[in-house]
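Each residue takes its place number in the sequence, starting with 1.
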Amino acid sequence: MLVKKKTLANKFLVELIKIFKEHNWDVETSENGEYSVFDMFCERLEELDDDSDRELMLELTHNYLWVNSYEYEKYMTEVFRKFLDTNKESMKRIQTIHIFPVQDKDYPSKTKSGNFMCYLFQGTFSRKFKEFRDKRVRVIETFDAIEKYKDDIECLILIDDYVGSGDTLLGCVSLIEEKGIKKEDIKAITLVLQESGKKIVEDYGIDIYSSIIRNKAITDNYSSDIVEKKIEQMKRIGKKLKVKKKMYLGYKESEGLVTMIKTPNNTLPFYWYEGKRDGKFMMAPFPRRNNIGVDE
């Protein structure tokens, strides 16, 4: 346990505890060989070369968003309310609302967070809205089923918990269009949305709604005269952690600061990348499933 070992300078421990309390995250340490998020965050800070790198990561973490599974329904309520308020007239005309989880068109059998959102929707959630009470809601879970119901679909709502670059969403849209659904009949709903992804999706012609919009961690939050310096610093941190070069700033240089049930690779890899370095497996505070890489 790093707090007991005092391997991390006291000033960084104090600041990290402050950040965890600020976000209402548990400030706890491990017992019986287990690891807490706080412990793993301390270890990750220890991996960095100098104090300026630790200061940067703590500075960025003040703006970090961690959405736990029990918070999903709250954010879902917010974004569906936005969607329904914006589409009042069209929703009056539609008798059957079709819902589809965003899926990777190249790996449609891969479990995605959109499937979890659909599962939540099928419970008591949809009864929260009067607009759904006198309509039929059909959840479609496969691309083949979209083709089956294409003549019935007046509005197809794609749902996911997070949209970063927009690549997966637009790949999904392209396959849906191949199944015979018009682009203008497709809407997208997500809990958290990167601003850069929002622009790409909307430029393609898809309306997208979210509870929260996130900008780039560094590029959009520092003055122009110091952005380049901090970007280079972040790249050095990525190199130190042995992250692949193209991922130094997250997928498509999204510079994300987000963790959902799983951490998207759009997030800066300091928070999620795990691998073996110097013969030791290094853990991250907000890991991704199957993100482990060995680069020695």
Plane angle bin for F286 and W66 - parallel if under 30°, tilted between 30 and 60°, otherwise perpendicular: perpendicular
Under 3.5 Å: donor-acceptor pair, side chain of D167, backbone of L170: no
Candidate pair D26 and V37, rule side chain to side chain contact (heavy atoms under 4.5 Å, CB included), full reasoning: CA-CA 8 Å; D26 286 337; V37 173; over 6 Å; no
Test salt bridge (charged side-chain N to carboxylate O under 4.0 Å, His left out) applied to E78 and R81, step by step: CA-CA 5 Å; E78 291 175 358; R81 185 72 272 159; over 6 Å; no
Ring geometry between F41 and F270 (parallel below 30°, tilted from 30 to 60°, perpendicular above 60°): perpendicular
Sequence-distant partners of Y209, ring-ring contact (aromatic ring centres under 6.0 Å, His included), two or more places apart: F83
Steps toward salt bridge (charged side-chain N to carboxylate O under 4.0 Å, His left out) verdict (D185, K182): CA-CA 5 Å; D185 293 332; K182 297 177 182 178; 5.7 Å; no
Heavy atoms from other residues, nucleotides or ligands near CD of E202 exceed 12 (cutoff 6.0 Å): yes
Cation-pi, Y271 ring and R44 (6.0 angstrom, 45 degrees): no
N/O donor-acceptor pair under 3.5 Å between Q233 side chain and S52 backbone: yes
Flag side-chain contact, heavy atom, 4.5 Å: M234 against M57: yes
Check: E55 and K11 side chains under 4.5 Å, non-hydrogen atoms: yes
Nearest non-hydrogen partners of L191 and Y72, listed with the distance: CD1-CD2, 3.6 Å
T190 side chain near I159 side chain, heavy-atom distance below 4.5 Å: no
Lys/Arg cation over aromatic Y222: K230, 6.0 Å, 45° cone: yes
CD/E195: more than 12 non-hydrogen atoms of other groups inside 6.0 Å: no
D144/K179 salt bridge by N-O under 4.0 Å criterion: yes
Check: Y75 ring centroid to Y162 ring centroid under 6.0 Å: no
Crowding at NZ, K246 (>12 non-hydrogen neighbours, <6.0 Å): no
